[in-house]
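Heads up: the structure comes next, in structure tokens.
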Amino acid sequence: MQMGGQVHAITQAGSPYRSERNGDWIKIKIHHRQEFVVVGYTRAAAGIGSLLIGLHNDAGELTYAGRVKSGFDSRTLTELRPRLRALERPVTALKDSPRFTKGVDVAWLEPVLVCEVRYAEITPKGNVRHAVFQGMRDDKPAAGISLESSTPEQPPEPRKTQIRITHGERVIDPSTGLTKRQLADYYARVGDWMLPLLHDRPVSLVRAPDGIEGEQFFQRNTTGLAIPDIETMHRPSGKPAMLINTSKALMSAVQMSAIEIHAWNATTTDLSRPDRFILDLDPDPALPWLHMIEATHLVCVVLQELGLVSFLKTSGGKGIHIVVPLTPKDDWTAVKTFSQAIVKHIAKLIPERFSAVSGPKNRVGRIFIDYLRNSSGATTVAAYSVRARPGFAVSMPIWHEELSMLQGAHVFTIQNVFRRLDSLIEDPWAALPNTAQTITAQMRKKLGIR
DNA sequence: GATCGAA
DNA sequence: TTCGATCAACGCAGA
DNA sequence: TCTGCG
Ligand SMILES: [Mn+2]
Ligand SMILES: [Mn+2]
């Protein structure tokens with residue numbers, strides 16, 4: 001462990017570090033390395049002139065840390081340009097905007113990308129000097145990036161805190177040209193929304209190593225495979241279940257070519273007692289979207305009349321998912337039976353619109369309300385998960401009030417999702433974790449079950 | 001995408 | 001060291 | 001019992 005880091009002699013004439021008086025070469029450390037948040041860039045003829053970087057201070061505020069002008073190869077620049085363009089924003093995310101000399105064309109960015117920079121020193125104002133770009137760090141979260149140490153110089157032991165995304169340039173959705181890198185950027189950025197909903201909930205993955213037009217497969221266990229930071233937990237059956245509790249685990253999943261993430265309706269607190277049930281509205285694909293809106297509304301009214309609060313999300317495909325949070329109490333069988341009773345009730349009420357029986361032939365011209373997602377060990381695509389289909393739509397939580405304006409269940413995609421999330425004043429699901437309700441005898445009575 | 005045995 | 005094969009779920013219901 | 005489904 002070389003505490004001072006590597007020491008390099010400056011040997012170029014005209015270097016500001018050369019002592020003119022005695023001819024000695026002044027040795028300085030130019031091997032400080034650390035990660036910075038990319039907060040902007042300057043435009044140049046080539047596209048990118050320099051990167052503007054920032055750090056979080058002790059108060060958690062994002063502060064300017066200078067410009068990085070060298071260390072880029074053309075391949076990196078080519079790769080970076082579309083990523084940066086997609087993240088542009090009108091105003092800086094920095095607490096205090098730095099000033100630039102006239103003529104410098106600055107573009108500000110969402111503070112989500114992380115890069116590693118080598119530099120000689122940090123000035124009293126907090127700006128790096130002689131900064132040299134070392135590479136992007138695609139595993140992120142940018143939120144954790146602050147000055148690593150006042151006595152920098154960790155030997156470049158590759159820190160294993162971040163996941164390397166390989167083949168980032170690979171197009172995994174040919175219909176849009178979206179790449180693995182863009183998928184990784186999406187999951188890195190959506191983590192703040194998604195991870196709380198995944199916490200301690202066993203997950204399954206839909207993986208597609210060759211993109212969505214290649215072979216896809218479903219993964220529920222980690223048997224024989226260690227995915228960094230994805231915990232495994234033994235369920236009642238004795239089989240291992242995967243947990244994604246951190247951004248690192250989420251990025252690991254992406255690196256493992258996961259596109260969709262599906263989750264249980266119970267957490268490890270008690271895997272035998274669901275903490276929610278889901279009514280998955282599956283339409284005949286030919287059904288007009290308006291029918292889905294009306295059907296969702298009607299199911300929610302029935303739930304409300306039973307005394308149950310519900311939350312909505314698009315599936316990212318054709319239908320809507322209605323999520324009913326529960327305080328864990330009943331077991332899987334009881335909850336599934338109850339959810340089936342709701343479905344039977346509705347199908348009996350309006351048989352021309354609903355089916356309580358699975359199988360495509362039973363829903364021609366109708367909507368099957370899939371209660372089977374509420375079996376033990378069953379999973380449903382998670383909120384904010386991408387769907388492994390052309391367009392990369394995501395499953396998006398919405399307000400009940402948005403339903404009637406919604407144009408489809410696939411309208412939110414990784415390409416437009418942050419226009420929504422960044423402008424949302426409140427999380428439509430903010431109240432979900434605080435919703436305390438259970439299935440009561442009275443509800444069962446109304447549905448004619450015991 | 002990762003692993004492992006064979007070449 | 002490189003290369004190719006192999007693997008990566010599973011329970012429920014409907015017929 | 002076999003098959004489709006998600
Ligand atoms: Mn569905
Ligand atoms: Mn379904």
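Each chain gets a letter, A, B and so on, in the order its sequence line appears, and its residues count up from 1.
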(request) Would you classify Val357(A) as touching base, sugar-phosphate or nothing, given that sugar-phosphate means primed atoms plus P, OP1 and OP2, and contacts are heavy atoms under 4.0 Å? (result)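 Touches sugar-phosphate only.
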
Mind calculating the distance between [atom1] ([X]) and [atom2] ([N]) to the nearest angstrom?
X: Lys318(A); N: dG6(D); atom1: NZ; atom2: P; value: 13 Å
X: His167(A); N: dG1(B); atom1: NE2; atom2: C1'; value: 9 Å
X: Leu205(A); N: dG6(D); atom1: CG; atom2: C1'; value: 15 Å
X: Tyr371(A); N: dA13(C); atom1: OH; atom2: C1'; value: 7 Å
X: Trp264(A); N: dG6(D); atom1: CH2; atom2: C1'; value: 16 Å
X: Ile261(A); N: dG6(D); atom1: CD1; atom2: C1'; value: 17 Å
X: Phe368(A); N: dC12(C); atom1: CZ; atom2: P; value: 15 Å
X: Leu281(A); N: dG6(D); atom1: CG; atom2: P; value: 14 Å

(message) Does a side-chain N or O of His262(A) approach OP1 or OP2 of dG6(D) to a distance below 4.0 Å, or not?
(response)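 No.
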
(message) Check the phosphate of dA15(C) against Asn362(A), side-chain N and O only, distance under 4.0 Å to OP1 or OP2. Yes or no?
(response)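 Result: yes.
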
When you compare [N] with [M], how far apart are their [atom1] atoms, in angstrom units rounded to a whole number?
N: dA9(C); M: dC4(B); atom1: C1'; value: 23 Å
N: dG1(B); M: dC10(C); atom1: P; value: 23 Å
N: dG6(D); M: dC7(C); atom1: P; value: 26 Å

Counting only side-chain heavy atoms from C-beta out, which of [options] sits nearest to [X]?
X: Met256(A); options: dG6(D), dA2(B), dA13(C); result: dA2(B)
X: Ser257(A); options: dG1(B), dG14(C), dA13(C); result: dG1(B)
X: Lys361(A); options: dG1(B), dA13(C), dA15(C); result: dA15(C)

Would the [X] and [Y] ring centres measure less than 6.0 Å apart?
X: Phe418(A); Y: Tyr186(A); answer: yes
X: Tyr119(A); Y: His130(A); answer: no
X: Phe311(A); Y: His400(A); answer: no

(message) Can you see whether Asn374(A) engages Ser339(A) through a side-chain donor-acceptor pair at a distance of less than 3.5 angstrom?
(response)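 Judged by distance alone, the side chains do pair up.
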
(message) Could you tell me if Thr42(A) and Ser50(A) have a donor-acceptor pair between their side chains, going purely by distance under 3.5 Å?
(response)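 Side chains of Ser50(A) and Thr42(A): pair found under 3.5 Å.
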
(message) I'd like to compare against my own output: the B/S/- annotation of nucleotides 3-11 of chain C with a strict under-4.0 Å heavy-atom distance to protein.
(response) -----BBS-

(message) Assess the residue pair Ile367(A) and Met292(A) against the criterion (side chain to side chain contact (heavy atoms under 4.5 Å, CB included)); give the C-alpha distance rounded to whole Å, side-chain angles, the decisive distance to 0.1 Å, and a yes or no.
(response) CA-CA 8 Å; Ile367(A) 292 168; Met292(A) 179 59 60; 3.9 Å; yes

(message) Tell me whether Asp185(A) is salt-bridged to Lys180(A), with the criterion being a basic N under 4.0 Å from an acidic carboxylate O.
(response)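 Result for this pair is no, no salt bridge flagged.
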
